[in-house]
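Some notes on the structure that comes next.
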Amino acid sequence: MVKVTIVGRVKEGLPLAQGPRYVNKEENKSFLFYKQQGELILKEISRGSLPHSKMTIRIDHQYCFNYLVENEIAIITLSDSSYPRKLAFHYLQDLQKEFQKFDSNLIEKITRPYSFIGFGKLFNYIPNSVIVNIRKQYIDTRTQANLSKLNANRKQDLDIVTENLTEILERRRNSELHEIKSSPLSTPRAVSSIWGSSQLEVIALKWTPITIILVVLVVVSWAGLIITDSILISSSY
């Protein structure tokens, strides 16, 4: 079953709308985590690190993300891992068709996350209601319409790339580390050639023994003065 749906603009990875969440009490505790992961996937699509137009991303044994990108709009849905993937993508395709009916110029003017619901009055219906109505068609996988979709084009599932979320996170981490290392701000400052040359070795060999002798003499002299002062003080008593 579809749990959460996020609609986003690919250009800058901005989430435009979110459908109602369908989770129980236990699942609700983890909802924020899954929402953040969905937003991260949207950002990765925007960055170009997820170049596929449709993809399944496994989170754990319980849930997975499916996404579909068309005309610079990404629709991402979280569903049970047991839910038929083919139906999940039919659901995404139906949503894409509905969102293509909106004026792209108005969508381009959206600057705040999840503010697409504010355009409901302009379009006479709220985008979330579109998500709700389409989702209803896919709740029962045993309806005649859904069974027909499942039985049609059985080879279609083979075209969908599947990846683990951990792999995506690891790739992002490595990319960020590479950016930090290659950043001019992280480049070590130039060091005088003397510190890496034989000149330093010659100077060290010449002056190290002398320095050690001077340090020893200073310590001995200082200790002698302390002992002398102690003798003078004790004799005065």
Side-chain angles (χ1 to χ4, degrees), residues 1-10 15-42 45 50 52-102 107 114 116-117 119-120 123-165:
M1 182 184 293
V2 172
K3 298 292 185 180
V4 180
T5 303
I6 295 175
V7 181
R9 193 165 59 206
V10 172
L16 302 174
Q18 174 190 305
R21 59 178 184 264
Y22 299 90
V23 294
N24 56 38
K25 278 187 177 181
E26 289 301 316
E27 293 171 330
N28 193 50
K29 296 176 183 177
S30 306
F31 170 74
L32 181 59
F33 166 78
Y34 290 119
K35 180 182 176 182
Q36 290 172 342
Q37 299 306 307
E39 291 171 349
L40 182 143
I41 290 171
L42 177 59
I45 295 171
L50 294 176
H52 308 287
S53 61
K54 54 184 177 181
M55 191 173 181
T56 295
I57 300 172
R58 291 189 292 253
I59 306 173
D60 47 40
H61 68 282
Q62 192 173 6
Y63 301 114
C64 68
F65 280 108
N66 295 294
Y67 77 74
L68 180 66
V69 179
E70 288 183 7
N71 299 320
E72 291 299 301
I73 295 295
I75 303 182
I76 304 166
T77 184
L78 174 75
S79 60
D80 295 312
S81 296
S82 59
Y83 188 78
R85 181 164 67 166
K86 184 178 286 187
L87 286 185
F89 278 95
H90 272 289
Y91 165 72
L92 293 173
Q93 288 169 355
D94 287 353
L95 281 178
Q96 280 283 6
K97 290 176 184 177
E98 287 299 317
F99 276 86
Q100 298 310 319
K101 296 177 182 178
F102 292 109
I107 294 176
Y114 299 109
F116 193 39
I117 192 170
F119 286 87
F123 297 109
N124 297 321
Y125 63 99
I126 299 174
N128 275 349
S129 67
V130 176
I131 295 174
V132 171
N133 291 334
I134 293 179
R135 180 186 176 276
K136 287 178 181 177
Q137 302 171 27
Y138 289 91
I139 294 175
D140 187 353
T141 60
R142 297 167 298 177
T143 63
Q144 188 59 47
N146 287 335
L147 288 174
S148 298
K149 292 172 183 175
L150 286 171
N151 293 325
N153 300 324
R154 289 183 177 274
K155 293 183 179 180
Q156 186 178 7
D157 258 358
L158 301 177
D159 299 333
I160 301 170
V161 177
T162 302
E163 193 169 3
N164 293 321
L165 182 62

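Note: hydrogens, waters and symmetry copies are ignored here, and every other heavy atom, side chains too, is used. The shown structure was predicted, so the numbers you read here are calculated from the model rather than taken from an experiment.
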Which value, rounded to the nearest 0.5 Å, describes the distance between [X] atom [atom1] and [Y] atom [atom2]?
X: I73; Y: F99; atom1: CD1; atom2: CZ; result: 8.5 Å
X: I107; Y: Q100; atom1: CD1; atom2: CD; result: 7.5 Å
X: L16; Y: Y114; atom1: CG; atom2: OH; result: 9.5 Å
X: L147; Y: R142; atom1: CG; atom2: CZ; result: 9.0 Å
X: D80; Y: K3; atom1: CG; atom2: NZ; result: 4.5 Å

* Got a sec, which residues hit side chain to side chain contact (heavy atoms under 4.5 Å, CB included) with S81, two or more places apart in sequence or on another chain? ->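 Side chain to side chain contact (heavy atoms under 4.5 Å, CB included) check on S81 returns C64.
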* Asked: Has the side chain of K54 got a donor or acceptor atom that lies under 3.5 Å from a matching backbone atom of I160?
  ->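 It does not hold such a pair.
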Which pair of non-hydrogen atoms, one from [X] and one from [Y], has the smallest distance, and what is that distance?
X: E98; Y: I134; result: CG-CD1, 3.5 Å
X: S79; Y: V2; result: CB-CA, 4.0 Å
X: Q96; Y: L68; result: NE2-O, 3.2 Å

* Can you tell me if T5 and R135 form a side-chain donor-acceptor pair at under 3.5 Å? ->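 R135 and T5 do not have a side-chain donor-acceptor pair below 3.5 Å.
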* Return yes if a side-chain donor-acceptor contact under 3.5 Å exists between N66 and Y91, otherwise no. =>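 Judged by distance alone, the side chains do not pair up.
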* To do: Among L92, I131, V4, find the one that has a side-chain contact (heavy atoms from CB on, under 4.5 Å) with T77.
  =>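 Passing option: L92.
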* Given Y67, which of I75, L50, I6 fulfils the side-chain contact (heavy atoms from CB on, under 4.5 Å) condition? ->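 So the option named by the test is L50.
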* To do: Return the set of residues passing side chain to side chain donor-acceptor pair (under 3.5 Å) with E70 (not counting sequence neighbours), or none when no residue passes.
  =>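 Listed in chain order: nothing, the list is empty.
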* Asked: Can you find a heavy atom in the side chain of Y63 that is under 4.5 Å from one in the side chain of Q37?
  ->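 Heavy-atom side-chain distance check fails, nothing below 4.5 Å.
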